**Student:** 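First the structure, which I've put down as structure tokens, then a few questions once you've had a look.
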Amino acid sequence: MTRRRRPARLAAVILTAAAAVTLSACGDGSDSASNENDKVSGADIANEPSASPSESEPAEAHRPKIELPTDVTYRFEWGKSGDPAEDAVLQDAEQRIRAVDMAIAQQDPLHEAYRYYSEGEAAAGSQKYIQEFVDHKARTTGMTRFYREIVHVKNDGTASLAYCEDQSKAFNKFLDTGKADVTSVTKDSYVMYAGTLRKNSKGVWVTERLASERGSSKCQP
């Protein structure tokens with residue numbers, strides 16, 4: 001698990017992005033722990049008209065409760081667009097991120113929470129990612145920042161989302177020792193993600209595909 005911050009392994013195992021979201025290739029997105037490349041091409045999101053929300057979101061009562069260790073924190077710099085549909089996409093994407101970290105903390109690769117917010121390739125990739133932490137008896141710790149989001153909702157009930165992640169203050173924490181593997185900040189501490197989502201019958205925006213590019217120039221400070 002050398003240099004495996006929270007999203008580092010995620011970058012290696014979570015599938016390919018759909019053509020709806022493209023990020024211009026900028027640098028090597030390889031994960032040093034796996035020697036796999038996760039290049040995502042493009043940064044253009046089609047200029048299709050955004051969908052106007054036609055129905056209200058269902059009650060939140062049935063959504064899984066997200067409970068994380070106190071040393072796992074986030075800074076989401078995603079602004080409100082003023083479009084309820086776009087804001088709902090961002091909210092559910094945020095919950096998926098938190099749910100994956102909760103599954104890691106609870107050492108449960110099949111945790112219902114992340115599967116509530118993801119399906120298909122994205123869910124399978126998350127399961128493999130969480131299993132890596134379970135195998136190494138580790139979890140995440142520290143603060144992760146999310147910024148420079150681009151969201152686009154289409155009239156067919158799908159959406160594309162691209163965003164950056166700053167992992168410079170997020171690390172692995174080994175359960176046996178309680179110690180964090182603090183690593184130096186490099187250009188690879190910054191990752192760009194591109195994903196596709198679909199609004200399901202419950203009114204939840206589930207992530208279906210997700211790809212990443214580690215060290216992207218578009219995410220550097």
Side-chain angles (χ1 to χ4, degrees), residues 1-17 29-38 40 63-76 92-146 163-186 188-195 206-215 219:
M1 282 182 59
T2 305
R3 293 192 70 255
R4 280 187 56 244
R5 295 186 182 89
R6 176 198 159 279
R9 178 60 64 181
L10 184 61
V13 300
I14 287 197
L15 297 313
T16 57
S30 63
D31 174 7
S32 61
S34 65
N35 294 320
E36 295 183 37
N37 288 333
D38 297 293
V40 186
R63 289 173 180 259
K65 185 177 182 180
I66 308 297
E67 296 180 313
L68 289 158
T70 57
D71 62 332
V72 178
T73 61
Y74 309 91
R75 194 166 85 211
F76 286 92
D92 287 345
E94 176 180 335
Q95 291 301 97
R96 177 192 56 78
I97 290 168
R98 294 178 185 272
V100 168
D101 276 343
M102 180 171 69
I104 291 170
Q106 296 182 9
Q107 300 282 279
D108 183 358
L110 293 174
H111 202 292
E112 64 175 358
Y114 83 82
R115 290 188 291 125
Y116 186 90
Y117 291 103
S118 59
E119 295 178 356
E121 293 178 351
S126 292
Q127 180 181 341
K128 291 171 65 177
Y129 170 58
I130 296 161
Q131 186 65 54
E132 292 275 347
F133 280 88
V134 174
D135 291 344
H136 289 87
K137 297 181 179 179
R139 67 169 176 84
T140 60
T141 187
M143 190 275 289
T144 312
R145 182 171 68 100
F146 299 88
Y163 59 90
C164 291
E165 181 177 45
D166 173 0
Q167 305 169 10
S168 62
K169 297 179 181 178
F171 311 102
N172 299 320
K173 183 175 183 177
F174 295 94
L175 302 179
D176 289 344
T177 64
K179 293 182 178 179
D181 181 21
V182 178
T183 54
S184 301
V185 178
T186 70
D188 286 341
S189 301
Y190 305 92
V191 185
M192 192 163 202
Y193 291 89
V206 296
T207 299
E208 295 186 311
R209 295 183 182 180
L210 189 66
S212 62
E213 182 184 351
R214 179 166 295 281
C219 295

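If you're wondering where the values come from, they're calculated on a predicted model, not measured in any experiment.
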**Student:** Pick one: which of R98, E94, M143 meets side chain to side chain contact (heavy atoms under 4.5 Å, CB included) with Y74?
**Tutor:**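 For Y74, the side chain to side chain contact (heavy atoms under 4.5 Å, CB included) check succeeds only for R98.
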**Student:** Over all heavy atoms of both residues, which pair between D188 and G215 is shortest? Give the atoms and the distance, please.
**Tutor:** OD1-CA, 3.6 Å
**Student:** Taking C-beta and beyond as the side chain, do V72 and K173 meet within less than 4.5 Å on heavy atoms?
**Tutor:**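 Contact flag for V72/K173 side chains = no.
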**Student:** Of all heavy-atom pairs between C219 and M192, which one has the smallest distance, and what is that distance?
**Tutor:** SG-CB, 3.5 Å
**Student:** Which pair of non-hydrogen atoms, one from A138 and one from Q107, has the smallest distance, and what is that distance?
**Tutor:** O-NE2, 2.9 Å
**Student:** List in chain and number order the residues that pass salt bridge (Lys or Arg N to Asp or Glu O under 4.0 Å) with E67, two or more places apart in sequence or in another chain; answer none if no residue qualifies.
**Tutor:** K65
**Student:** Check whether the side chains of D166 and S168 place a donor and an acceptor atom closer than 3.5 Å, and report yes or no.
**Tutor:**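 The criterion, which ignores hydrogens and geometry beyond distance, is satisfied for S168 and D166.
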**Student:** Hey, does L175 have a side-chain heavy atom less than 4.5 Å from the side chain of F133?
**Tutor:**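 When only atoms from C-beta onward are counted, L175 and F133 do not touch, as no gap falls below 4.5 Å.
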**Student:** Identify the heavy atoms of L210 and G195 that sit nearest to each other, and give their distance.
**Tutor:** CD1-CA, 3.8 Å
**Student:** Looking at CG of D135 and NZ of K128, how far apart are the two atoms once the value is rounded to the nearest 0.5 Å?
**Tutor:**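 If I round to the nearest 0.5 Å, the distance is 12.5 Å.
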**Student:** Output yes when a side-chain donor or acceptor of Y117 lies under 3.5 Å from a complementary backbone atom of I97, and no otherwise.
**Tutor:**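 Not at all, since once roles are kept as given, no pair shorter than 3.5 Å links the two residues.
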**Student:** Once rounded to the nearest 0.5 Å, what's the spacing between atom CZ of F76 and atom CD of E165?
**Tutor:** 8.5 Å
**Student:** Output the distance between atom CZ (R96) and atom OG (S126), rounded to the nearest 0.5 Å.
**Tutor:**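 Reported to 0.5 Å precision, the distance equals 6.0 Å.
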**Student:** Which pair of heavy atoms, one from Q127 and one from P109, lies closest together, and at what distance?
**Tutor:**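 Nearest heavy atoms, Q127 then P109: CG-O, 3.4 Å.
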**Student:** For S184 and S189, work out which heavy atoms get closest and say how close.
**Tutor:**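 Looks like O-OG, 4.1 Å.
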**Student:** About how many Å separate CZ of F171 and OG1 of T144, when rounded to the nearest 0.5 Å?
**Tutor:** 9.5 Å
**Student:** How long is the span from the CD atom in Q95 to the CZ atom in R63, to the nearest 0.5 Å?
**Tutor:**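 Taking CD in Q95 and CZ in R63, the distance rounds to 7.5 Å.
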**Student:** Side chain to side chain contact (heavy atoms under 4.5 Å, CB included) between R214 and T186: does it pass, once the steps are laid out?
**Tutor:** CA-CA 11 Å; R214 179 166 295 281; T186 70; over 6 Å; no
**Student:** Once rounded to the nearest 0.5 Å, what's the spacing between atom CD of Q106 and atom CG of L68?
**Tutor:** 8.5 Å
**Student:** Checking D108 against R115 for the salt bridge (charged side-chain N to carboxylate O under 4.0 Å, His left out) test, could you report, in this order, the C-alpha distance in whole Å, the side-chain angles of both residues, the deciding distance, and whether it holds?
**Tutor:** CA-CA 11 Å; D108 183 358; R115 290 188 291 125; over 6 Å; no
**Student:** Report yes or no: does E119 contribute a side-chain atom to a donor-acceptor pair with the main-chain N or O of A124 at less than 3.5 Å?
**Tutor:** no
**Student:** Quick check on side chain to side chain contact (heavy atoms under 4.5 Å, CB included): which of N172, V134, T140 does I104 satisfy it with?
**Tutor:** T140
